[in-house]
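Notes for the one structure printed next.
Atoms within a ligand are numbered from 1 in the order they appear, just like the ligands themselves. Residue numbers count from 1 along this sequence.
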Amino acid sequence: MNNLKYDEIKIRENSMDGECHDKEFVVVNPTRMCQPMGAVQAMMGLKNVMPLIHGSQGCATYMRFQLIRHFREPIEVASTSLNEKTVIYGGEMNLLKALKNISEKQNPEMIGVMSSCLTETIGDDVEGIIRKFEDVNIGEDLPAMVSIPTPSYAGSHVEGYDKAILSLVEYFARKSVPNNKINIILGNLSPSNVVEIKEMMNDLNVGSILLTDTSENLDAPLSEETLELHKFGTSLEELEDTANSNATISVTKHNDSGAKYLEKIFDVKAISGLMPVGLRNTDIFINNVCNAMGIDIPDKIIRDRGRLSDVLVDAHAYNYRRKVAIFGDVDMVIAMARFTYEMGMIPKIFCVGSESSRFKEDLNELDEDMGYKPIALENKDLHDFEKVLEDNPVDIIIGNSYGASIADKFRIPLFRVGFPIFDRIGAQRISFIGYNGGINFVDAITNMILDFYYDEEGYKVENKELSFDPQGFDEFLLES
Ligand code: SF4
């Protein structure tokens with residue numbers, strides 16, 4: 001289907017009251033993934049756990065396919081394999097069978113049962129079926145079974161991750177003795193970004209419980225072992241211990257439901273932060289940890305911060321006033337926007353696949369700090385993003401692999417972050433979190449700009465000057 005057709009379909013609806021309503025009938029290249037996908041990613045950071053999708057075979061296959069081509073690791077996601085018959089009569093028998101098979105054959109410590117669009121629509125009582133299975137097998141050594149409701153029509157992978165963490169702490173957290181640790185809810189971060197968080201906690205000399213720790217499981221050494229349950233990651237004992245920590249910091253605002261639950265039930269302070277990307281946001285993260293633990297910022301952290309400041313200065317000449325368009329998850333987009341602004345760039349266009357009041361608040365705060373309003377596309381897709389780019393040229397796009405054809409069309413570079421990245425290797429090693437991740441990011445994006453817009457002597461290549469003109473920038477400010 002060509003662009004014209006899409007435009008015709010993506011029309012507004014004239015309702016009976018004669019008003020023009022902003023309803024779109026099709027999404028073309030969404031900037032979001034499905035809800036159980038986020039929950040499965042949370043499961044990937046747990047030790048000895050099996051994720052089970054209660055839905056059709058295709059749902060689990062789609063998730064395995066996306067996860068494997070992004071992380072390039074073997075991924076196990078079980079399915080209850082619903083078919084036409086179960087759509088009519090319900091999926092109870094399939095779920096009971098799947099729980100039995102997994103318990104007997106794989107013997108995990110926990111099975112995370114994610115619902116899907118189909119089972120939510122037909123109304124299967126997943127929680128009730130799990131309890132029925134436990135009642136029938138009373139006295140057996142069964143794994144823990146956690147139900148995670150993830151209807152994809154009611155949210156994206158971001159909400160899926162959030163619901164998984166909430167379900168885990170609801171099921172496991174138990175008050176015992178204070179552990180003097182910080183719980184950290186990570187969201188869909190790359191294994192390398194998780195490592196950056198772990199290293200910062202190490203440098204701060206603060207014990208932590210990561211929800212959840214994918215750093216080893218999704219960036220594993222080559223092995224000749226057959227595919228089996230993950231041996232690393234957050235343990236169920238650690239999940240239980242989350243009720244005894246000093247605080248819970250969620251590093252993305254849209255993944256803080258578990259933190260709020262722990263605060264409400266166990267009085268564990270909840271801190272919902274901005275993603276620690278760039279100077280300001282990482283400063284906030286470090287201060288939050290130090291305040292929660294009553295400690296001073298160590299010299300090592302101060303030196304790392306100084307090195308990031310130094311890199312920002314070194315790279316400034318190449319990045320100054322380069323216009324950027326960013327698409328992806330809400331928290332990642334807003335964090336990248338602020339960081340590129342710190343780099344001297346002009347974050348000009350943002351596109352996210354959902355609508356959120358917290359995104360709006362963060363955006364307003366950013367607008368005030370920058371002194372202009374970028375173009376913000378909320379609840380939009382990459383087709384809308386592309387249309388906006390036609391009239392608003394930028395120098396670089398930041399987003400996942402689905403932006404490659406758009407970048408090609410406008411002959412600008414795509415800096416790959418987010419999920420999924422399938423047309424490059426090393427997605428699990430992309431890091432931008434914290435001061436050291438920030439250094440990696442500034443180096444990589446500046447080198448991409450140097451490659452694309454400068455010759456080997458470091459002089460600008462004039463015919464590649466797409467949008468760098470101070471005059472245009474002033475016009476942009478006036479327009480906004
Ligand atoms: S049917 Fe729903 S749950 Fe299954 S893959 Fe599609 S969006 Fe995800």
Specify side chain, backbone, both or neither for C59, according to which of its non-hydrogen atoms lie closer than 4.0 Å to ligand 1.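 Contact part for C59 vs ligand 1: both backbone and side chain.
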
Should the proximity of P36 to ligand 1, defined as any heavy atom under 4.0 Å, be assigned to the side chain, the backbone, both, or neither? side chain

For atom 6 (Fe) of ligand 1, is there a protein heavy atom at a distance under 4.0 Å? no

Applying side-chain hydrogen bond (donor to acceptor under 3.5 Å, both in side chains), run through D124 and T119 and close with a yes or a no. CA-CA 6 Å; D124 270 1; T119 45; 5.6 Å; no

When rounded to the nearest 0.5 Å, the distance separating CZ of F419 from CG of L67 is 4.5 Å

Measure from the side-chain N and O atoms of E263 to the backbone N and O of A270, and report whether any donor-acceptor pair falls under 3.5 Å. yes

Atoms of ligand 1 less than 4.0 Å from S152 heavy atoms? 2 (Fe), 7 (S)

Find all atoms of ligand 1 within a distance of less than 4.0 Å from any non-hydrogen atom belonging to Y62, and give their numbers and elements.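 Once the distances to Y62 are compared, the set is 5 (S).
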
salt_bridge(D367, K373) N-O dist < 4.0 Å: yes

With respect to atom 8 (Fe) of ligand 1, which of C34, P30, C117 exhibits the smallest heavy-atom separation?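 Residue with the shortest heavy-atom distance to the ligand atom: C34.
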
Student check: side-chain heavy atoms of T252 and Y161 closer than 4.5 Å: no

